[in-house]
Student: 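Below are the structure tokens for one structure; questions will follow.
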Amino acid sequence: MTAAHELGPSYSAAEVERSVAARWAATDYGSPDGRETRDAEGRESLPPFTIIMPPPNVTGGLHVGHALFVTLEDLMVRRARMQGRAALWLPGVDHASIAAQYVLDRIVEKEGSSRADLGRARYLERMHRFMDETRNTILAQFQRLGASADWSRTRFTMDEVSSRAVRTAFATLYERGLAYRGEALVNWCPGCKTSVSDLESVATEEQGSIWEIRYPLEGGDATSGVVVATTRPETLLGDTGVAVHPDDPRYTALVGKRVMVPFVNRAVPVVADAFVEMGFGTGAVKVTPAHDPNDREVGLRHNLPAPTILDESARIVADAPAPFAGMDRFKARKAIVAALEELGLLVSVKPHTANPARCQRSNDILEPRLRTQWFIRAKPLAEKALAATRSGATQIVPAHFEKTWEHWLTDIRDWNVSRQLWWGHRIPAWYCADGHITVTDREEGPVGCGTCGAESNTLQQESDIFDTWFSSGLWPFSTLGWPDKTPDLARYYPSQVMETGHDILFFWVARMMMLGIELMGTPPFETIYLHGMVRDPEGEKMSKTKGNVVDPLSVIDEIGADALRFALVSGTAPGADQRLAPEKLENARNFMNKLWNAARYVLGARPAEATGDRPSATDAHMAAGEFGTWMATRLSAAVDDVDRALGQYGFSEASQRIYDAIWAEYCDQAIEIAKVTLADETRPAGERTAVWWTLVDALDDLLRLLHPIAPFITEGIWEALPRRAGDPGLLATAAWPARHAASSTAASSIDLWLDLVREVRAARTTAKLPAGAWIPLTVAAPPKLVTSGEGLRSAIERLARVRPLTIQAALPAAGEGLLVVAGALTARLEPPQADAAALDADRARRGRDLVAAQAQLAAAEGRLADPSFTGKAPAAVVAGAERRVAELRDEIARLERGS
RNA sequence: GGGCGGUUAGCUCAGUUGGUUAGAGCGCAGCCUUGACAUGGCUGAGGUCACAGGUUCGAGUCCUGUACCGCCCA
């Protein structure tokens, strides 16, 4: 970057971002106790502001979803930092056990080996090497986005502290009876060879069949018995019953009788159970307790055995009858159907839409299997989480997600935390030869069996590991040092905001809430802010196979992180998905370019008289004249609006307001007005100096407002700005702007004159007057506006391209020309050689204005004439209507007089 | 089947506790190479706020229902 006062002639995001990043890297500004902060003492008097960063997957690369969350969190943290709070944004990465193992398995396969070949120890060693390669990649990419996290506190869900937190948490839950080991049906993924939680199972839809199969009566022939309907004939080998609805008259006589399951020749009872839908299929269903959740329930209610008939690869078990033993489940389905047909037991086959659950990771169809697993008792934990949101201790943004939250937590089922994987935290449970369970938080394991005292070296540790989300669930406090009582934990727990995607509300947020309340005693965050998904311009989910993925790094290379951040922020609404189109990115880029050029102009327009340091009091110059007051008022309104928007997580609204403040107000109006004064050597030097310093002060405010969204360019420009005494070295640690004392509540005459300028321009356009021509304008203005108009004379001339400009009390008697009415101002443009057609066009325009004004007047008058309006509406609204009527009458009178 | 959300300009979306003149960006049309910026400036066209009822002095905003779209849970 070039020296102060000299911004490069064209905006290069890459150059600015590189240079600013280097300056940041040389400081500890991201630390809540950073030395860069301007007021360390003041900081202590304010509450800290903490966001714990959702840890990205260790093996992952940056995608646009990361870019969104990094931007939003960084925005909040940067603003809090500027407000003088101790702002902590704590980063880290997640070991992502199933996802990482899935990725590494593919790599190992390519290397011609396999997980089984390597064995657990060597595989984990290979995994650690892999982690070391990838761990910092994603965080380095976050830095390119401008993330101002405290990198010195970076954590990993598999580091030593996290491991201790996991053991302690589990041991505590076990002690409290909130963790238990039990046999239950789990979602088994035959591809990943592990169980997965309900949340990791994805319901899908596919065309299948429904088979109707006859189970003959025990001792009966092939026409006796009952016809069951099933979508999974292959599980027939594990059937231990047939169920019918108790009220189904078709089967009343059969209940209690026994029927024969083909091939296995097992006599099983016909039971009556209300879960059966009479209208489905034949109204009779086979019961396979070990391979279907509903059947499991029925089996338990009717004391049916539950033989497992599918192994961990979802093949028919070895002790099943030939030829099915060892067969894959889908082959077995065909084979069994064929065999049934041969036996004459297949009654019919009908098409049917099935909804098999698939593994979120591998997409294999999940197989329910009975297994002994570790579970977390969810109900008592969920109740506390619900209490926290109901009491308002934790607030969900947007609020409507509370309903989803309620729904899920109310009907929550126990959480299966066992995974038959290798990469992850091993469950700290040990079993002795007699099967007693000992759970401990000691890294080296228990000293002996907690029940029978069997020696530690005879104990076997559980081979299962924890669901990744168990360690993630501890993240809000394990990152702060828990289970130790660290100063960080005391200072930063609970955090203010948990910002994450609504897609992991249950996976993660609910678990953090449940575990946080249980283990820490208080909810882990005050606000849960949920963002939506970033989609492609057509609203499609981005995916590599579709090829519609926006790569944030290429976007940054092309237009800069600031533009990407601005585009994402301006498109976001709490909980809502957004479409990211190239036009949006382009607009953001243009905005950055606009800001850069505005700054270039301001810095280059310094009057010779504006020597010396920047005045430390902003409002000295702003109070000096109409322009300063106007600017102060505009800035104050912008600050108020941005504060209000951000206070309610209206990020997009805030970004739009800043965009307007910079582009429409500052560039299109303030600079254009100031330009005239600054270029006018005949103006008093003091006036030019005041105007220039006002521009500088305003730019400074705007940079501060925009900084949380676009940190690089604002920092880069700010560096070139004359500094005030007491300002820190970095904009990142400078103070958040406040209202200006010089602002005014009264309408500024500048706005009134700008309205006139706009009307004159419109008149010129409709009348097709040459854009470059100087055209005489006479304005009739009330006395107060005559004075301010004189002060703005050269600006009005230039902006409206009018000359000579006459400002007086009244218009001379009707003459040729174009009438212009704007607020309290009436004016006449007098083009030297106006052609008749042009004048007609303008007259038509004015006619339309008149009609519109008359319609509005009629409406307003109608309202005021209605006693129910004047009687019931608030006084302010009535007064507003009255004012409006007066204005409209005045305007109409002037429009009519002139035409 | 249950729940939640959406439907506003050609497109993408804003729209605070109901206040009467519904906004922005992009796109479109016309004009402008004016010494910060053509990644720009100026001006303009374009909306019965999905539909049908209701509450109210007043409804894009609140209530009921309908249609369509999307998401979540089963």
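Chain naming here is simple, since letters A, B, ... match the order of the sequence lines and numbering starts at 1 in each.
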Student: Tabulate atom names and distances for all N/O pairs under 3.5 angstrom spanning the protein and nucleotides 39-46 of chain B.
Tutor:
| unit_1 | atom_1 | unit_2 | atom_2 | d |
| --- | --- | --- | --- | --- |
| U39(B) | O4' | R589(A) | NH2 | 3.3 |
| U39(B) | O4' | N590(A) | OD1 | 3.0 |
| U39(B) | O2' | N593(A) | ND2 | 2.9 |
| G40(B) | OP1 | N590(A) | ND2 | 3.0 |
| G40(B) | O3' | K594(A) | NZ | 3.1 |
| G41(B) | OP1 | K594(A) | NZ | 3.2 |
| G41(B) | OP1 | W663(A) | NE1 | 2.4 |
| C42(B) | O3' | R761(A) | NH1 | 3.4 |

Student: Could you check whether S794(A) and E797(A), counting side-chain N and O atoms only, form a donor-acceptor pair closer than 3.5 Å?
Tutor: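 No - no donor-acceptor pair under 3.5 Å links their side chains.
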Student: Taking atom P of C31(B) as reference, at what distance in whole Å does atom CD1 of I775(A) sit?
Tutor: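 The answer, rounded to whole Å, is 17 Å.
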Student: Please state the P separation for the pair U17(B) and C62(B) - nearest whole angstrom.
Tutor: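 Roughly 9 Å separates the two P atoms.
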Student: What do the steps show when you test E681(A) against R688(A) for salt bridge (charged side-chain N to carboxylate O under 4.0 Å, His left out), and what is the final call?
Tutor: CA-CA 9 Å; E681(A) 298 288 331; R688(A) 278 182 294 159; 3.4 Å; yes
Student: For the pair Y649(A) and F651(A), name the ring-plane relationship: parallel under 30°, tilted 30 to 60°, perpendicular over 60°.
Tutor: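 Aromatic pair Y649(A)/F651(A) classed perpendicular.
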Student: Taking the nucleotide of RNA chain B with the closest heavy atom to each, which residue, E583(A) or L888(A), is nearer the 5' end?
Tutor: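 First, find each residue's nearest nucleotide; the 5'-ward one identifies L888(A).
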Student: Which label fits F591(A) and F566(A): parallel for a plane angle under 30°, tilted from 30 to 60°, or perpendicular past 60°?
Tutor: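 Taking F566(A) first and then F591(A), their aromatic rings sit tilted (interplane angle of 30° to 60°).
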Student: Using the P atom as the point on both nucleotides, what is the distance between U16(B) and C63(B), in whole Å?
Tutor: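 Pairwise P distance, C63(B) against U16(B), rounds to 14 Å.
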Student: Roughly how far apart, to the nearest Å, are G60(B) and C13(B) at atom C1'?
Tutor: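 These two C1' atoms come out 15 Å apart once rounded.
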Student: Round to the nearest Å and state the distance from E887(A) atom CD to U20(B) atom C1'.
Tutor: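 So the CD-C1' distance, E887(A) to U20(B), works out to 15 Å.
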Student: Both R644(A) and A203(A) contact RNA chain B. Which one's nearest nucleotide lies toward the 5' end?
Tutor: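 Result of the comparison: R644(A).
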Student: Roughly how many Å is it from CG in N355(A) to P in G1(B), rounded to a whole number?
Tutor: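 Spelled out: CG on N355(A) to P on G1(B) is 13 Å.
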Student: Indicate yes or no: at least one non-hydrogen side-chain atom of L366(A) is less than 4.5 angstrom from one of V202(A).
Tutor: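 Not in contact.
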Student: Any ion pair linking E383(A) and K379(A) (charged N to carboxylate O, less than 4.0 Å)?
Tutor: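 Salt bridge between K379(A) and E383(A), a charged N being under 4.0 Å from a carboxylate O: no.
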Student: So what stems show up for RNA chain B if we need 3 or more Watson-Crick or G-U pairs in a row, all under 3.5 Å?
Tutor: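 Stems found: B:1-7 with B:67-73, B:10-13 with B:23-26, B:28-32 with B:40-44, B:50-54 with B:62-66.
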Student: Please list all pairs passing the side chain to side chain donor-acceptor pair (under 3.5 Å) test where one or both residues lie in residues 556-565 of chain A, with sequence neighbours left out.
Tutor: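 Listed once each, the pairs are D74(A)-R565(A), R144(A)-D557(A).
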Student: Work out how far the P atom of G58(B) is from that of C42(B), and round it to whole angstrom.
Tutor: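 The answer is 41 Å between these two P atoms.
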Student: Does F401(A) have any side-chain contact (heavy atoms from CB on, under 4.5 Å) partners at least two apart in sequence or in another chain, and if so, which?
Tutor: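 Applying side-chain contact (heavy atoms from CB on, under 4.5 Å) to F401(A) gives I396(A), P398(A), T404(A), H502(A), L505(A), L530(A).
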Student: Taking the six-membered ring where the residue is Trp, are the ring centres of F69(A) and Y529(A) under 6.0 Å apart?
Tutor: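 Here the rings of Y529(A) and F69(A) have centres that are no less than 6.0 Å from each other.
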Student: Between atom CD in E891(A) and atom P in U21(B), what is the gap in whole Å?
Tutor: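 From E891(A) CD to U21(B) P: 13 Å.
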Student: Please state whether the rings of W408(A) and F506(A) are parallel, tilted or perpendicular, taking 30° and 60° as the class boundaries.
Tutor: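 Judged by the thresholds at 30° and 60°, the geometry between W408(A) and F506(A) is parallel.
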Student: Would you mind telling me which of G25(B), C37(B), C31(B) lies closest to the side-chain atoms of Y659(A)?
Tutor: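 Among the listed nucleotides, the one closest to the side chain of Y659(A) is G25(B).
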Student: Got a sec? Which of residues 856-869 of chain A come in under 4.0 Å of RNA chain B, heavy atoms?
Tutor: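 Those residues are Q856(A), R863(A), D866(A), S868(A), F869(A).
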Student: What is the separation between atom CG on L678(A) and atom C1' on G35(B), rounded to the nearest whole Å?
Tutor: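 About 14 Å, once rounded to whole Å.
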Student: Would you kindly give the CG-to-C1' distance between D411(A) and G3(B), to the nearest whole Å?
Tutor: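 In whole Å, G3(B) C1' lies 11 Å from D411(A) CG.
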Student: What's touching nucleotides 4-14 of chain B from the protein side, N or O pairs under 3.5 Å?
Tutor:
| unit_1 | atom_1 | unit_2 | atom_2 | d |
| --- | --- | --- | --- | --- |
| U12(B) | OP1 | R579(A) | NH1 | 3.3 |

Student: In whole Å, measure the gap between the P atoms of C4(B) and G65(B) for me.
Tutor: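 My reading of the P atoms in C4(B) and G65(B) gives 12 Å.
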Student: In terms of side-chain heavy atoms, does Y666(A) have a donor or acceptor partner in D660(A) at a distance below 3.5 Å?
Tutor: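 Y666(A) vs D660(A): no donor-acceptor pair found between side chains.
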Student: Can you tell me how far C1' of A36(B) sits from CD of E672(A), to the nearest Å?
Tutor: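 Rounding to the nearest Å, CD of E672(A) and C1' of A36(B) are 9 Å apart.
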Student: Would you mind reading off the distance between N187(A) atom CG and C73(B) atom P, rounded to a whole angstrom?
Tutor: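 To the nearest whole Å, that distance equals 13 Å.
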Student: Suppose you measure atom P in G25(B) against the same atom in C68(B); what distance do you get, rounded to whole Å?
Tutor: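 G25(B) and C68(B) have their P atoms separated by 36 Å.
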Student: Does a side-chain N or O from R413(A) land closer than 4.0 Å to OP1 or OP2 of A74(B), or not?
Tutor: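 So the side-chain polar atoms of R413(A) do come within 4.0 Å of the phosphate oxygens OP1 or OP2 of A74(B), strictly under.
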Student: If the P atom of A22(B) is compared with that of G46(B), how far apart are they to the nearest Å?
Tutor: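 One P to the other, the span is 13 Å.
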Student: How far does CZ of R798(A) sit from CG of D680(A), to the nearest 0.5 angstrom?
Tutor: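 These two atoms lie 11.5 Å from each other.
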Student: Which value, in whole Å, describes the distance between the C1' atoms of nucleotides C72(B) and G54(B)?
Tutor: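 Looking at atom C1' only, C72(B) and G54(B) are 31 Å apart.
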Student: Less than 4.0 angstrom from a charged side-chain N to a carboxylate O is my criterion; do E861(A) and R884(A) meet it?
Tutor: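 Looking at E861(A) and R884(A), the cut-off is not met.
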Student: Would K675(A) and Y601(A) count as a cation-pi pair here, with the cationic atom under 6.0 angstrom from the ring centre and within 45° of the axis?
Tutor: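 Yes, a cation-pi geometry holds between K675(A) and Y601(A).
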Student: Going by atom types only, do W405(A) and T389(A) share a side-chain donor-acceptor pair under 3.5 Å?
Tutor: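 Present: a donor and an acceptor within the cut-off.
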